[in-house]
Amino acid sequence: MDTLSLFPTEDGSVTFWSETFQETFHSSHGAKHEAEAKFVIPAKIAEKAQTQTKLNILDVCYGLGYNSAAAIACISNLKQSSQTPITSLHIMALENNLEVPQKAIATRLVNIWQPAIAQVLTTAATTQIVETEDLTLQLLIGDARQTISQVPQKWADAIFLDPFSPPHCPQLWTVEFIQLLANCLKPDGYLVTYSSSAAVRTAMLMAGLQIGAIAPIGRKSPSTIAAFAPTALPPISDTEAAFLKTRAAIPYRDRTLQSTASEIIESRKSEQNQSELPASSSLRKK
């Protein structure tokens with residue numbers, strides 16, 4: 001079982017530090033702000049809500065529930081100002097460790113959200129399903145590589161991809177898993193993630209998606225947005241494009257969708273060692 005400790009962030013919200021993964025669930029810049037700026041805003045949740053009556057979101061690695069909460073808050077604010085025709089928001093959330101959202105409730109971290117939203121997160125952590133007149137939130141517990149089979153194909157208007165970093169959780173950054181995500185995405189949907197890893201971006205390209213950059217929030221590197229063509233995306237920089245032609249861009253593979261993290265990492269290292277592509281260090285020296 002993972003040991004979780006409280007980790008305050010700069011916007012006043014608090015996240016967890018994971019002893020198992022040796023990472024925080026959010027950056028120190030601000031957990032709440034990160035959920036809004038790295039996921040809800042780039043995925044154009046507000047814009048889609050102004051043209052659709054129903055919105056579907058796939059939240060991969062639900063964690064404390066902040067990304068889902070930020071989306072719910074966005075829709076709620078639009079409704080209060082009568083700026084949207086939307087009648088229902090549907091969220092399917094994948095999470096491997098139910099202890100995380102439950103501890104977020106027990107330590108009252110969710111109280112940074114409006115009381116109604118905090119109650120939604122509390123119910124989800126308790127019963128794994130929330131159903132109201134205008135919201136459905138279903139929390140699927142287990143290995144995301146298997147639970148994603150419960151998500152309909154071409155269902156999601158937006159996918160929030162928020163696992164721990166590729167070196168610590170490569171299972172959810174592989175070509176095979178990202179292909180499953182792409183299968184769930186609507187033709188005009190967006191997949192957004194904090195990662196700018198060349199290996200992850202290569203996996204997205206191999207899954208038939210095009211990639212773009214999201215301005216950095218609380219870190220030096222930009223985040224990534226992906227979508228099917230012909231959706232217009234903000235371009236990645238020339239430097240980022242150059243990394244896609246190095247060994248750093250060799251993607252993680254998990255052909256059986258059952259490999260362990262160490263197996264995936266070792267397999268990639270072996271492929272990199274045999275590759276004739278230049279090392280990414282050559283770019284960093286420049």
Would you check if there is a donor-acceptor pair between the side chains of [Y] and [X] at a distance under 3.5 Å?
{"X": "Thr260", "Y": "Ser262", "answer": "yes"}
{"X": "Glu271", "Y": "Ser275", "answer": "no"}
{"X": "Asp143", "Y": "Asn96", "answer": "no"}

Could you name each residue pair satisfying salt bridge (charged side-chain N to carboxylate O under 4.0 Å, His left out) that touches [range], not counting sequence neighbours?
{"range": "residues 44-67", "answer": "none"}
{"range": "residues 119-136", "answer": "Lys79-Asp134"}
{"range": "residues 179-189", "answer": "Asp157-Lys186"}
{"range": "residues 198-215", "answer": "Arg201-Glu240"}

Who passes side-chain contact (heavy atoms from CB on, under 4.5 Å) against [X], sequence neighbours left out?
{"X": "Ser165", "result": "Glu23, Pro167, His168, Tyr194"}
{"X": "Pro152", "result": "Met92, Trp155"}
{"X": "Glu266", "result": "Lys269"}

Practice prompt. Could you tell me whether a side-chain N or O of Ser196 sits under 3.5 Å from a main-chain N or O of Ser223, the two making a donor and an acceptor?
Written response: no
Discussion item. When you measure from the side chain of Asn67 to the backbone of Ala71, do you find a donor-acceptor pair of N or O atoms at a distance under 3.5 Å?
Written reply: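 Not at all, since once roles are kept as given, no pair shorter than 3.5 Å links the two residues.
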Name each donor-acceptor pair under 3.5 Å that joins a side chain in residues 122-130 to protein atoms two or more places apart or in another chain, with its distance.
residue: Thr122; atom: OG1; partner: Ala118; partner atom: O; Å: 2.8
residue: Thr123; atom: OG1; partner: Gln119; partner atom: O; Å: 3.0
residue: Thr123; atom: OG1; partner: Gln119; partner atom: NE2; Å: 3.2
residue: Thr126; atom: OG1; partner: Thr122; partner atom: O; Å: 2.8
residue: Thr127; atom: OG1; partner: Thr123; partner atom: O; Å: 3.0
residue: Thr127; atom: OG1; partner: Ile129; partner atom: O; Å: 3.0
residue: Gln128; atom: NE2; partner: Ala125; partner atom: O; Å: 3.2

Practice prompt. Quick one: closest heavy-atom pair of Leu139 and Glu95, and the distance?
Written response: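 Scanning both residues completely, I find the closest heavy atoms to be CD1-CB, 4.0 Å.
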Item to complete: Under 4.5 Å between side-chain heavy atoms, chaining through other members, with only Ile, Leu, Val, Met, Phe, Trp and Tyr counted: pull out the rest of the cluster around Met206, sorted by chain and number.
Response: Val175
Under 3.5 Å, which donor-acceptor pairs link side chains of residues 243-253 to any protein atom two or more places apart or in another chain?
residue: Thr246; atom: OG1; partner: Phe243; partner atom: O; Å: 2.8
residue: Thr246; atom: OG1; partner: Ala248; partner atom: N; Å: 3.2
residue: Arg247; atom: NE; partner: Leu277; partner atom: O; Å: 2.8
residue: Arg253; atom: NE; partner: Glu176; partner atom: OE2; Å: 2.8
residue: Arg253; atom: NH2; partner: Glu176; partner atom: OE2; Å: 2.7

Item to complete: For Thr239, enumerate each residue passing the side-chain hydrogen bond (donor to acceptor under 3.5 Å, both in side chains) test, keeping only those at least two apart in sequence or located in another chain.
Response: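 Residues passing side-chain hydrogen bond (donor to acceptor under 3.5 Å, both in side chains) with Thr239: none at all.
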Worksheet entry | Neighbour count >12 (heavy atoms, 6.0 Å) for atom CG, Asp238 | no
Discussion item. As a quick check of understanding, evaluate salt bridge (charged side-chain N to carboxylate O under 4.0 Å, His left out) for Lys103 and Glu99, giving each step before the final call.
Written reply: CA-CA 6 Å; Lys103 188 167 182 178; Glu99 179 192 4; 5.4 Å; no
Worksheet item: By ring-ring contact (aromatic ring centres under 6.0 Å, His included), which residues pair with Tyr62, not counting sequence neighbours?
Response: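 Counting only residues at least two positions away or on another chain, Tyr62 forms no ring-ring contact (aromatic ring centres under 6.0 Å, His included).
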